[in-house]
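These notes are about the structure you will find just below.
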2 protein chains.
Amino acid sequence: MISTEEAIEELKKIVKQKGLKYTEQREIVLNILIHAEDHLTAEEVYNEIKSQDNNSNIGIATVYRALSFLEEVDLITSINFGTDGKKYESNAKSHHDHLICTECGKIIEFLDDEIEKRQERIAKKNKFKITSHSMQLYGVCSDCQ
Amino acid sequence: MISTEEAIEELKKIVKQKGLKYTEQREIVLNILIHAEDHLTAEEVYNEIKSQDNNSNIGIATVYRALSFLEEVDLITSINFGTDGKKYESNAKSHHDHLICTECGKIIEFLDDEIEKRQERIAKKNKFKITSHSMQLYGVCSDCQ
DNA sequence: GTCAGTGCAAAAACTTTGCATTTCG
DNA sequence: CGAAATGCAAAGTTTTTGCACTGAC
(Lines give C-alpha, C1' and ligand atoms only; values in the text may rest on other atoms or scores of the structure.)
Protein backbone atom coordinates (compact mmCIF):
# COMPACT_ATOMS: atom_id res chain seq x y z
CA MET A 1 0.00 0.00 0.00
CA ILE A 2 1.52 3.28 -1.15
CA SER A 3 0.23 6.75 -0.43
CA THR A 4 -1.06 9.00 -3.17
CA GLU A 5 1.91 11.29 -2.68
CA GLU A 6 4.37 8.46 -3.04
CA ALA A 7 2.73 7.28 -6.23
CA ILE A 8 2.80 10.79 -7.67
CA GLU A 9 6.46 11.10 -6.71
CA GLU A 10 7.15 7.81 -8.40
CA LEU A 11 5.46 9.06 -11.55
CA LYS A 12 7.57 12.22 -11.50
CA LYS A 13 10.71 10.17 -11.04
CA ILE A 14 9.91 7.82 -13.91
CA VAL A 15 9.02 10.64 -16.25
CA LYS A 16 12.25 12.42 -15.42
CA GLN A 17 14.31 9.28 -15.80
CA LYS A 18 12.91 8.78 -19.27
CA GLY A 19 13.45 12.37 -20.27
CA LEU A 20 9.72 12.78 -20.76
CA LYS A 21 7.38 15.44 -19.52
CA TYR A 22 5.27 15.64 -16.44
CA THR A 23 1.71 16.55 -17.26
CA GLU A 24 -1.35 17.24 -15.20
CA GLN A 25 -3.39 14.80 -17.29
CA ARG A 26 -1.28 11.81 -16.37
CA GLU A 27 -1.40 12.80 -12.74
CA ILE A 28 -5.17 13.13 -12.86
CA VAL A 29 -5.60 9.69 -14.40
CA LEU A 30 -3.28 8.09 -11.86
CA ASN A 31 -4.96 9.92 -9.02
CA ILE A 32 -8.39 8.74 -10.08
CA LEU A 33 -7.27 5.13 -10.18
CA ILE A 34 -5.63 5.43 -6.78
CA HIS A 35 -8.86 6.65 -5.24
CA ALA A 36 -11.21 4.43 -7.20
CA GLU A 37 -13.19 1.86 -5.26
CA ASP A 38 -13.40 -0.30 -8.30
CA HIS A 39 -11.51 -1.27 -11.38
CA LEU A 40 -12.27 1.28 -14.08
CA THR A 41 -12.47 1.16 -17.87
CA ALA A 42 -10.89 3.92 -19.96
CA GLU A 43 -14.27 5.46 -20.47
CA GLU A 44 -15.09 5.35 -16.77
CA VAL A 45 -11.85 7.13 -16.01
CA TYR A 46 -12.75 9.74 -18.62
CA ASN A 47 -16.22 10.23 -17.16
CA GLU A 48 -14.83 10.46 -13.67
CA ILE A 49 -12.48 13.24 -14.76
CA LYS A 50 -15.37 15.09 -16.36
CA SER A 51 -17.57 14.70 -13.31
CA GLN A 52 -14.84 15.94 -10.98
CA ASP A 53 -14.18 18.96 -13.14
CA ASN A 54 -16.85 20.04 -15.52
CA ASN A 55 -14.53 22.47 -17.22
CA SER A 56 -11.89 19.88 -18.02
CA ASN A 57 -11.34 19.58 -21.72
CA ILE A 58 -9.26 16.44 -21.55
CA GLY A 59 -9.73 14.19 -24.56
CA ILE A 60 -10.56 10.51 -24.44
CA ALA A 61 -7.45 9.89 -26.53
CA THR A 62 -5.34 11.40 -23.78
CA VAL A 63 -6.94 9.10 -21.26
CA TYR A 64 -6.09 6.09 -23.42
CA ARG A 65 -2.56 7.34 -23.88
CA ALA A 66 -2.14 8.05 -20.19
CA LEU A 67 -3.45 4.61 -19.26
CA SER A 68 -1.10 2.91 -21.71
CA PHE A 69 1.79 4.92 -20.38
CA LEU A 70 1.00 4.30 -16.73
CA GLU A 71 0.62 0.62 -17.37
CA GLU A 72 3.88 0.50 -19.25
CA VAL A 73 5.73 2.04 -16.32
CA ASP A 74 3.93 -0.28 -13.96
CA LEU A 75 2.01 2.22 -11.89
CA ILE A 76 -1.28 0.70 -12.90
CA THR A 77 -2.42 -2.69 -14.13
CA SER A 78 -5.11 -3.73 -16.50
CA ILE A 79 -7.09 -6.88 -16.06
CA ASN A 80 -10.32 -8.24 -17.22
CA PHE A 81 -13.15 -9.23 -14.94
CA GLY A 82 -15.28 -10.94 -17.54
CA THR A 83 -17.35 -9.35 -20.25
CA ASP A 84 -16.80 -5.72 -19.35
CA GLY A 85 -13.59 -5.26 -21.31
CA LYS A 86 -10.32 -3.93 -20.08
CA LYS A 87 -10.25 -2.41 -16.64
CA TYR A 88 -7.50 -0.63 -14.83
CA GLU A 89 -6.46 -0.41 -11.22
CA SER A 90 -3.70 1.38 -9.43
CA ASN A 91 -0.79 -0.67 -8.20
CA ALA A 92 -0.61 1.55 -5.13
CA LYS A 93 -3.07 -0.62 -3.29
CA SER A 94 -2.68 -3.58 -1.05
CA HIS A 95 -2.92 -6.71 -3.09
CA HIS A 96 -5.85 -9.07 -2.78
CA ASP A 97 -7.74 -11.70 -4.71
CA HIS A 98 -11.48 -12.14 -5.12
CA LEU A 99 -14.18 -14.61 -4.21
CA ILE A 100 -17.18 -13.76 -6.36
CA CYS A 101 -20.71 -15.01 -5.78
CA THR A 102 -22.32 -15.72 -9.12
CA GLU A 103 -25.79 -15.48 -7.61
CA CYS A 104 -25.79 -12.16 -5.82
CA GLY A 105 -22.58 -10.62 -7.09
CA LYS A 106 -21.05 -10.27 -3.66
CA ILE A 107 -17.28 -9.97 -3.73
CA ILE A 108 -15.10 -11.07 -0.85
CA GLU A 109 -11.45 -10.08 -0.93
CA PHE A 110 -8.83 -12.38 0.43
CA LEU A 111 -5.13 -12.94 0.54
CA ASP A 112 -3.30 -16.20 0.97
CA ASP A 113 0.43 -16.05 1.54
CA GLU A 114 1.04 -19.59 0.49
CA ILE A 115 -0.62 -19.02 -2.86
CA GLU A 116 1.36 -15.83 -3.35
CA LYS A 117 4.58 -17.70 -2.66
CA ARG A 118 3.75 -20.47 -5.04
CA GLN A 119 2.90 -18.01 -7.74
CA GLU A 120 6.35 -16.51 -7.38
CA ARG A 121 7.89 -19.92 -7.62
CA ILE A 122 5.96 -20.79 -10.76
CA ALA A 123 6.99 -17.52 -12.35
CA LYS A 124 10.61 -18.15 -11.55
CA LYS A 125 10.45 -21.64 -12.95
CA ASN A 126 9.12 -20.27 -16.24
CA LYS A 127 11.60 -17.37 -16.25
CA PHE A 128 8.80 -14.86 -16.05
CA LYS A 129 9.18 -11.51 -14.38
CA ILE A 130 5.79 -11.04 -12.76
CA THR A 131 4.27 -7.61 -12.75
CA SER A 132 0.89 -8.51 -11.39
CA HIS A 133 -1.64 -11.23 -11.16
CA SER A 134 -5.30 -11.68 -10.73
CA MET A 135 -7.26 -14.53 -9.35
CA GLN A 136 -10.97 -14.98 -9.12
CA LEU A 137 -12.84 -17.82 -7.49
CA TYR A 138 -16.40 -18.00 -8.74
CA GLY A 139 -19.05 -19.75 -6.73
CA VAL A 140 -22.11 -19.42 -4.59
CA CYS A 141 -21.88 -17.72 -1.23
CA SER A 142 -23.43 -19.04 1.98
CA ASP A 143 -26.44 -16.74 1.75
CA CYS A 144 -27.32 -17.93 -1.74
CA GLN A 145 -26.91 -21.66 -1.32
CA MET B 1 -9.65 -33.65 -20.02
CA ILE B 2 -12.59 -34.56 -22.20
CA SER B 3 -12.48 -36.02 -25.68
CA THR B 4 -13.74 -34.13 -28.68
CA GLU B 5 -16.63 -36.53 -29.00
CA GLU B 6 -17.65 -36.03 -25.39
CA ALA B 7 -17.58 -32.27 -25.79
CA ILE B 8 -19.69 -32.49 -28.93
CA GLU B 9 -22.13 -34.79 -27.11
CA GLU B 10 -22.29 -32.31 -24.27
CA LEU B 11 -23.09 -29.54 -26.72
CA LYS B 12 -25.89 -31.60 -28.26
CA LYS B 13 -27.29 -32.33 -24.83
CA ILE B 14 -27.26 -28.69 -23.76
CA VAL B 15 -28.85 -27.53 -26.98
CA LYS B 16 -31.58 -30.12 -26.64
CA GLN B 17 -32.18 -29.29 -23.00
CA LYS B 18 -32.69 -25.67 -23.88
CA GLY B 19 -34.96 -26.43 -26.81
CA LEU B 20 -32.48 -24.80 -29.14
CA LYS B 21 -31.05 -26.04 -32.40
CA TYR B 22 -27.94 -27.95 -33.15
CA THR B 23 -25.98 -26.32 -35.93
CA GLU B 24 -22.85 -27.18 -37.78
CA GLN B 25 -21.43 -23.73 -37.16
CA ARG B 26 -21.45 -24.09 -33.39
CA GLU B 27 -19.86 -27.48 -33.70
CA ILE B 28 -17.14 -26.11 -35.97
CA VAL B 29 -16.31 -23.30 -33.59
CA LEU B 30 -16.17 -25.64 -30.62
CA ASN B 31 -14.11 -28.13 -32.55
CA ILE B 32 -11.57 -25.51 -33.54
CA LEU B 33 -11.12 -24.39 -29.97
CA ILE B 34 -10.73 -27.97 -28.78
CA HIS B 35 -7.93 -28.55 -31.25
CA ALA B 36 -6.31 -25.14 -31.00
CA GLU B 37 -2.81 -25.00 -29.61
CA ASP B 38 -3.39 -21.50 -28.46
CA HIS B 39 -6.06 -19.24 -27.16
CA LEU B 40 -7.85 -17.69 -30.10
CA THR B 41 -9.62 -14.41 -30.72
CA ALA B 42 -12.96 -14.36 -32.52
CA GLU B 43 -11.20 -13.28 -35.67
CA GLU B 44 -8.62 -16.03 -35.40
CA VAL B 45 -11.39 -18.60 -35.06
CA TYR B 46 -13.05 -17.12 -38.13
CA ASN B 47 -9.82 -17.26 -40.14
CA GLU B 48 -9.18 -20.79 -39.01
CA ILE B 49 -12.58 -21.86 -40.27
CA LYS B 50 -11.93 -20.18 -43.59
CA SER B 51 -8.53 -21.77 -43.94
CA GLN B 52 -9.87 -25.21 -43.14
CA ASP B 53 -12.63 -24.87 -45.66
CA ASN B 54 -12.26 -22.30 -48.36
CA ASN B 55 -15.83 -22.71 -49.44
CA SER B 56 -17.24 -21.99 -46.02
CA ASN B 57 -19.42 -18.94 -46.09
CA ILE B 58 -19.75 -18.61 -42.34
CA GLY B 59 -20.08 -15.02 -41.21
CA ILE B 60 -17.99 -13.35 -38.55
CA ALA B 61 -21.22 -12.50 -36.73
CA THR B 62 -22.01 -16.19 -36.43
CA VAL B 63 -18.60 -16.80 -34.93
CA TYR B 64 -19.23 -14.11 -32.35
CA ARG B 65 -22.65 -15.52 -31.61
CA ALA B 66 -21.33 -19.06 -31.34
CA LEU B 67 -18.55 -17.97 -29.00
CA SER B 68 -20.97 -16.12 -26.75
CA PHE B 69 -23.27 -19.09 -26.70
CA LEU B 70 -20.53 -21.60 -25.96
CA GLU B 71 -19.18 -19.44 -23.20
CA GLU B 72 -22.61 -19.05 -21.70
CA VAL B 73 -23.11 -22.80 -21.51
CA ASP B 74 -19.62 -23.19 -20.11
CA LEU B 75 -18.03 -25.20 -22.90
CA ILE B 76 -15.42 -22.53 -23.52
CA THR B 77 -13.87 -19.74 -21.48
CA SER B 78 -12.60 -16.34 -22.44
CA ILE B 79 -9.68 -14.49 -21.05
CA ASN B 80 -8.70 -11.02 -21.96
CA PHE B 81 -5.47 -9.17 -21.69
CA GLY B 82 -3.18 -6.64 -23.27
CA THR B 83 -3.98 -5.31 -26.68
CA ASP B 84 -5.07 -8.50 -28.37
CA GLY B 85 -8.61 -8.42 -27.12
CA LYS B 86 -10.66 -11.33 -25.89
CA LYS B 87 -9.32 -14.82 -26.39
CA TYR B 88 -11.14 -18.10 -26.09
CA GLU B 89 -10.18 -21.61 -25.11
CA SER B 90 -12.09 -24.84 -24.82
CA ASN B 91 -12.98 -26.13 -21.39
CA ALA B 92 -12.51 -29.66 -22.67
CA LYS B 93 -8.95 -29.47 -21.51
CA SER B 94 -7.39 -30.29 -18.21
CA HIS B 95 -7.71 -27.37 -15.87
CA HIS B 96 -4.86 -24.96 -15.79
CA ASP B 97 -3.98 -21.40 -15.00
CA HIS B 98 -2.16 -18.86 -17.12
CA LEU B 99 1.13 -17.06 -17.21
CA ILE B 100 0.71 -14.20 -19.68
CA CYS B 101 3.50 -12.15 -21.20
CA THR B 102 2.34 -8.56 -21.41
CA GLU B 103 4.95 -7.79 -24.06
CA CYS B 104 4.36 -10.43 -26.71
CA GLY B 105 1.08 -11.96 -25.58
CA LYS B 106 2.51 -15.44 -25.14
CA ILE B 107 0.46 -17.60 -22.81
CA ILE B 108 1.96 -20.42 -20.77
CA GLU B 109 -0.38 -22.79 -19.02
CA PHE B 110 0.43 -24.31 -15.68
CA LEU B 111 -1.13 -26.18 -12.83
CA ASP B 112 -0.13 -26.20 -9.22
CA ASP B 113 -1.83 -28.67 -6.93
CA GLU B 114 -0.99 -26.80 -3.80
CA ILE B 115 -2.66 -23.65 -5.12
CA GLU B 116 -5.71 -25.64 -6.14
CA LYS B 117 -5.94 -27.10 -2.65
CA ARG B 118 -5.59 -23.76 -0.97
CA GLN B 119 -8.28 -22.29 -3.16
CA GLU B 120 -10.62 -25.02 -1.95
CA ARG B 121 -9.68 -24.27 1.63
CA ILE B 122 -10.31 -20.54 1.23
CA ALA B 123 -13.67 -21.24 -0.34
CA LYS B 124 -14.63 -23.52 2.51
CA LYS B 125 -13.54 -20.98 5.10
CA ASN B 126 -15.79 -18.40 3.48
CA LYS B 127 -18.62 -20.90 3.05
CA PHE B 128 -18.46 -20.55 -0.72
CA LYS B 129 -19.36 -23.35 -3.04
CA ILE B 130 -16.85 -22.91 -5.85
CA THR B 131 -18.01 -23.47 -9.40
CA SER B 132 -14.93 -22.29 -11.23
CA HIS B 133 -11.94 -20.08 -10.94
CA SER B 134 -9.46 -18.29 -13.07
CA MET B 135 -5.98 -17.15 -12.31
CA GLN B 136 -3.65 -15.15 -14.43
CA LEU B 137 -0.09 -14.16 -13.68
CA TYR B 138 0.96 -11.20 -15.79
CA GLY B 139 4.57 -10.47 -16.49
CA VAL B 140 7.35 -10.46 -18.99
CA CYS B 141 8.60 -13.72 -20.45
CA SER B 142 12.25 -14.63 -20.83
CA ASP B 143 12.30 -13.69 -24.53
CA CYS B 144 10.98 -10.21 -23.89
CA GLN B 145 13.05 -9.18 -20.88
C1' DG C 1 13.07 27.26 -28.60
C1' DT C 2 12.30 22.42 -28.80
C1' DC C 3 9.82 18.49 -28.79
C1' DA C 4 6.77 15.53 -25.94
C1' DG C 5 2.08 15.68 -24.95
C1' DT C 6 -2.53 17.32 -25.84
C1' DG C 7 -7.23 17.94 -27.96
C1' DC C 8 -9.88 17.20 -31.62
C1' DA C 9 -11.67 14.81 -35.33
C1' DA C 10 -11.26 11.26 -38.38
C1' DA C 11 -9.94 6.51 -39.12
C1' DA C 12 -9.38 1.89 -37.87
C1' DA C 13 -10.49 -2.06 -35.29
C1' DC C 14 -13.69 -4.69 -33.01
C1' DT C 15 -18.39 -6.31 -31.88
C1' DT C 16 -23.36 -6.28 -32.16
C1' DT C 17 -27.75 -5.84 -34.51
C1' DG C 18 -31.56 -5.80 -38.13
C1' DC C 19 -33.47 -8.37 -41.46
C1' DA C 20 -34.41 -11.49 -45.12
C1' DT C 21 -33.37 -16.25 -45.79
C1' DT C 22 -32.23 -20.85 -44.47
C1' DT C 23 -32.36 -24.81 -41.55
C1' DC C 24 -33.50 -27.74 -37.65
C1' DG C 25 -36.91 -30.22 -35.18
C1' DC D 1 -44.83 -25.18 -40.41
C1' DG D 2 -42.67 -22.38 -36.68
C1' DA D 3 -38.83 -20.93 -34.22
C1' DA D 4 -33.97 -20.60 -34.09
C1' DA D 5 -29.88 -19.61 -36.37
C1' DT D 6 -27.41 -17.88 -40.25
C1' DG D 7 -25.13 -14.57 -43.59
C1' DC D 8 -24.65 -10.23 -44.91
C1' DA D 9 -24.34 -5.50 -44.39
C1' DA D 10 -25.04 -1.74 -41.70
C1' DA D 11 -24.71 0.35 -37.24
C1' DG D 12 -22.54 0.66 -32.74
C1' DT D 13 -18.53 0.62 -29.73
C1' DT D 14 -14.05 1.00 -28.49
C1' DT D 15 -9.39 2.31 -29.40
C1' DT D 16 -5.81 4.42 -32.21
C1' DT D 17 -3.85 7.86 -35.26
C1' DG D 18 -2.76 12.29 -37.83
C1' DC D 19 -2.03 16.86 -37.16
C1' DA D 20 -1.84 21.51 -35.58
C1' DC D 21 -1.28 23.58 -31.21
C1' DT D 22 0.25 23.95 -26.33
C1' DG D 23 3.16 23.73 -22.52
C1' DA D 24 7.06 21.52 -19.78
C1' DC D 25 11.85 21.80 -19.46
Side-chain angles (χ1 to χ4, degrees), chain A residues 8-9 11-30 32 39-50 53-73 75-76 78-88, chain B residues 8 11-32 39-50 53-73 75-76 78-88 102 105:
Chain A
I8 300 287
E9 281 315 307
L11 173 56
K12 282 183 179 162
K13 206 178 86 191
I14 288 165
V15 159
K16 197 165 194 176
Q17 248 173 17
K18 297 201 163 212
L20 301 178
K21 287 170 185 171
Y22 190 80
T23 67
E24 199 192 351
Q25 288 87 340
R26 285 173 178 169
E27 182 182 318
I28 289 172
V29 169
L30 177 58
I32 282 187
H39 296 228
L40 304 180
T41 63
E43 197 146 4
E44 285 166 347
V45 170
Y46 177 72
N47 291 335
E48 184 60 24
I49 293 172
K50 290 290 193 180
D53 176 6
N54 241 320
N55 295 348
S56 172
N57 64 335
I58 192 170
I60 185 76
T62 299
V63 173
Y64 275 102
R65 283 184 286 227
L67 288 170
S68 296
F69 175 79
L70 291 172
E71 182 169 28
E72 204 177 303
V73 301
L75 285 170
I76 66 175
S78 73
I79 42 177
N80 185 302
F81 265 116
T83 45
D84 291 3
K86 207 170 182 179
K87 294 187 166 192
Y88 293 86
Chain B
I8 301 287
L11 174 55
K12 283 182 179 162
K13 207 179 85 190
I14 288 166
V15 158
K16 198 166 193 175
Q17 250 173 15
K18 298 200 163 215
L20 301 178
K21 288 171 184 170
Y22 190 79
T23 67
E24 200 191 351
Q25 288 88 341
R26 285 174 178 168
E27 182 181 319
I28 290 172
V29 169
L30 178 57
N31 194 45
I32 283 188
H39 300 68
L40 305 179
T41 64
E43 197 146 4
E44 284 165 348
V45 171
Y46 178 72
N47 291 336
E48 185 61 22
I49 294 171
K50 289 289 193 181
D53 176 6
N54 241 319
N55 295 348
S56 171
N57 64 336
I58 191 170
I60 185 76
T62 299
V63 173
Y64 275 102
R65 283 184 286 226
L67 289 170
S68 296
F69 175 78
L70 292 171
E71 183 170 28
E72 202 177 302
V73 300
L75 285 170
I76 66 176
S78 70
I79 64 175
N80 194 324
F81 77 95
T83 44
D84 288 7
K86 210 169 184 177
K87 294 188 164 189
Y88 293 86
T102 53

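Since the structure is predicted, the reported quantities are computational estimates derived from the model, not experimental observations. Naming convention: chains lettered A, B, ... in sequence-line order (proteins, then strands); numbering from 1 in each chain.
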Taking all heavy atoms of V63(B) and all of A42(B), pick out the closest pair and write down the distance.
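Result for this residue pair: CG1-O, 3.6 Å.
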Taking only residues two or more places apart in sequence or in another chain, which ones pass side chain to side chain contact (heavy atoms under 4.5 Å, CB included) with [X]?
| X | answer |
| --- | --- |
| S56(B) | I49(B), D53(B), I58(B) |
| N47(A) | E43(A) |
| I60(B) | Y46(B), Y64(B) |

Counting only heavy atoms and a strict 4.0 angstrom limit, can you tell me which residues of residues 62-70 of chain A come near DNA chain C?
T62(A), R65(A)
What's the closest nucleotide to the side chain of A61(A) if the choices are dA3(D), dT15(D), dT17(D)?
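Given the options dA3(D), dT15(D), dT17(D), the side chain of A61(A) is closest to dT17(D).
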For the residue pair V29(B) and I76(B), establish whether any side-chain heavy-atom pair is separated by less than 4.5 Å.
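SC-SC contact between V29(B) and I76(B) ruled out.
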Would you say the side chain of Y88(B) lies within less than 4.5 Å of the side chain of E71(B), judging by non-hydrogen atoms?
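Contact flag for E71(B)/Y88(B) side chains = yes.
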For residues 15-27 of chain B, which side-chain donor-acceptor pairs fall under 3.5 Å, sequence neighbours excluded?
{"from": "Y22(B)", "atom 1": "OH", "to": "E27(B)", "atom 2": "OE1", "distance (Å)": "2.6"}
{"from": "T23(B)", "atom 1": "OG1", "to": "R26(B)", "atom 2": "N", "distance (Å)": "3.4"}
{"from": "R26(B)", "atom 1": "NH1", "to": "K21(B)", "atom 2": "O", "distance (Å)": "3.2"}

Which whole-number value in Å describes the distance from Y22(A) OH to dG23(D) P?
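For the pair Y22(A) OH and dG23(D) P, the rounded distance is 17 Å.
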Starting at CZ of R26(A) and ending at C1' of dC25(D), how long is that distance when rounded to a whole Å?
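Going from CZ in R26(A) over to C1' in dC25(D) covers 14 Å.
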Based on the rotation axes of five pairs at each end, what angle does the helix from dG1(C)-dC25(D) to dG25(C)-dC1(D) bend through, to 10°?
40°
dG23(D) phosphate, OP1 or OP2, under 4.0 Å from Q25(A) side-chain N/O:
no
Between E24(A) and I60(A), which residue's closest nucleotide on DNA chain D lies nearer the 5′ terminus?
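The residue closer to the strand's 5' end, by nearest nucleotide, is I60(A).
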